[in-house]
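All heavy atoms count here, side chains included; hydrogens, waters and symmetry mates do not. Just so we're on the same page: letters track the sequence lines, and every chain starts at 1.
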2 protein chains.
Amino acid sequence: MGRSTFVIKQRAFLKLYMIHEAEKGRLYGLQILENLQDYFKDLGYRPTKSEVYKSLHELLKDGYLTREPIIKEGTEMQTLYIYRIGDKEKVKAYKDTIKADLDRSIALLKRALKDNYSQKRG
Amino acid sequence: MGRSTFVIKQRAFLKLYMIHEAEKGRLYGLQILENLQDYFKDLGYRPTKSEVYKSLHELLKDGYLTREPIIKEGTEMQTLYIYRIGDKEKVKAYKDTIKADLDRSIALLKRALKDNYSQKRG
DNA sequence: AGATGAACATTGTGTTCATTA
DNA sequence: TAATGAACACAATGTTCATCT
């Protein structure tokens with residue numbers, strides 16, 4: 001993997017949610033974005049368009065996801081894609097590695113809490 | 001504060017530990033670095049020289065810390081600084097804001113764990 | 001106008017070089 | 001050589017612009 005890592009990258013974090021959406025297979029890019037912006041609002045996190053698209057593109061390129069264009073009723077435009085899971089085994093393995101990074105990151109941050117904010121005794 | 005933030009920045013994380021060391025007031029820059037590299041080894045995190053120095057410099061500049069040159073016995077060189085707490089009240093307030101960011105970050109990562117790795121029921 | 005995508009700009013961070021004693 | 005510090009390079013991310021229907 002990459003060099004010495006601090007905590008998990010935003011990109012990896014988002015990819016997890018992209019996969020999540022792909023498993024449902026209902027929403028297209030911008031909808032996913034808006035959903036997430038709303039969902040994380042309470043935690044002061046607002047993902048950007050480019051991060052969501054880049055996450056999706058990388059997942060496509062690496063074969064984790066596939067997509068298909070959808071015809072929107074009422075119009076003839078079709079620049080709109082629904083994402084689905086590609087290689088299920090591959091996705092599972094990928095999620096495992098991200099989980100490890102998430103666990104590690106949480107441990108790191110919790111350690112900082114403990115070291116710097118808990119009452120010292122003795 | 002800054003725009004939409006994902007999780008806490010490495011710099012802020014390190015500053016917490018710099019303050020921690022300054023409270024003890026025993027170690028100089030490189031020692032702190034090596035201590036932290038060792039301390040976080042188990043979590044795959046290896047802070048770099050530049051991040052540690054930049055953290056210390058910013059804390060100095062902003063008045064959170066002070067420092068004094070130390071004469072190392074046996075030699076006449078004194079390019080070596082021990083850091084101490086500057087404005088205690090200011091430091092306390094600063095630590096409070098970092099704690100909020102740590103808490104927020106942990107909540108964010110935990111939410112990802114829950115959303116993507118817990119068994120679905122119903 | 002709505003959606004996707006690329007280009008560009010900035011920031012965060014790591015690596016290398018410089019200085020001092 | 002040990003320590004500090006600055007310069008430089010690169011990677012991660014945010015903002016703006018382009019395209020297509």
message: Less than 4.0 angstrom between a side-chain N/O of A:Q10 and OP1 or OP2 of D:dG14, yes or no?
response: yes
query: Between B:K92 and B:E89, is a salt bridge (Lys or Arg N to Asp or Glu O under 4.0 Å) present by the stated rule, with each step listed?
result: CA-CA 5 Å; B:K92 188 180 178 317; B:E89 281 308 307; over 6 Å; no
query: To the nearest angstrom, how far is B:L36 atom CG from C:dG14 atom P?
result: 13 Å
- line: Taking C:dT13, D:dT15, D:dA3 as options, the one with an atom nearest any side-chain atom of A:T48 is D:dT15
- prompt: When all nucleic acid strands are considered with a 4.0 Å heavy-atom cut-off, which category describes B:Y83: base, sugar-phosphate, or nothing?
  reply: sugar-phosphate
task: Figure out the NZ/P separation between A:K15 and D:dA12, and round it to whole Å.
output: 10 Å
- request: Using atom CG of A:D101 as one end and atom P of D:dA12 as the other, report the distance to the nearest whole Å.
  value: 12 Å
message: Counting distance alone, no hydrogens or angles: does the base of D:dG5 have a donor or acceptor under 3.5 Å from a partner atom on the side chain of B:K49?
response: yes
- request: Report the nucleotide, chosen from D:dT4, C:dA3, C:dG14, that has the shortest atom-to-atom distance to any side-chain atom of B:Y28.
  value: D:dT4
- request: Would you tell me if any nitrogen or oxygen in the side chain of A:R67 comes within less than 4.0 Å of OP1 or OP2 on C:dA3?
  value: no
message: What I want to find out is whether B:K61 reaches B:E58 closely enough, with some N-O distance under 4.0 Å, to be called a salt bridge.
response: no
- prompt: Which whole-number value in Å describes the distance from B:Y53 OH to D:dA3 P?
  reply: 8 Å
message: Quiz question: going by heavy-atom distance under 3.5 Å, is there a donor-acceptor pair between the base of C:dG12 and the side chain of A:K9?
response: no
message: Taking NZ in B:K90 as the centre, count heavy atoms belonging to other residues, nucleotides or ligands within less than 6.0 Å. Is the count above 12?
response: yes
field: Side-chain N or O of A:T79 closer than 4.0 Å to phosphate OP1/OP2 of C:dT4
entry: no
query: Could you state the CG-P distance from A:L30 to D:dT21, rounded to the nearest angstrom?
result: 17 Å
statement: Atom OH of B:Y81 and atom P of C:dT20 are separated, to the nearest Å, by 12 Å
field: A:K54 (side chain) and D:dG14 (base): donor-acceptor pair under 3.5 Å
entry: yes
- request: Output yes when B:D96 and B:K99 qualify as a salt bridge under the 4.0 Å nitrogen-oxygen rule, no when they do not.
  value: no
Interatomic distance where NE2 belongs to B:H57 and P belongs to D:dG5 [whole Å]: 4 Å
Atom pair distance, as rounded to whole Å: CG in A:L27 and P in C:dG2: 18 Å
message: By nearest heavy atom, map B:S50 and A:S50 onto DNA chain D; which one lands nearer the 5' end?
response: B:S50
statement: Which of B:L56, B:L60, B:L80, B:I82 passes side-chain contact (heavy atoms from CB on, under 4.5 Å) with B:R67? Answer is B:L60
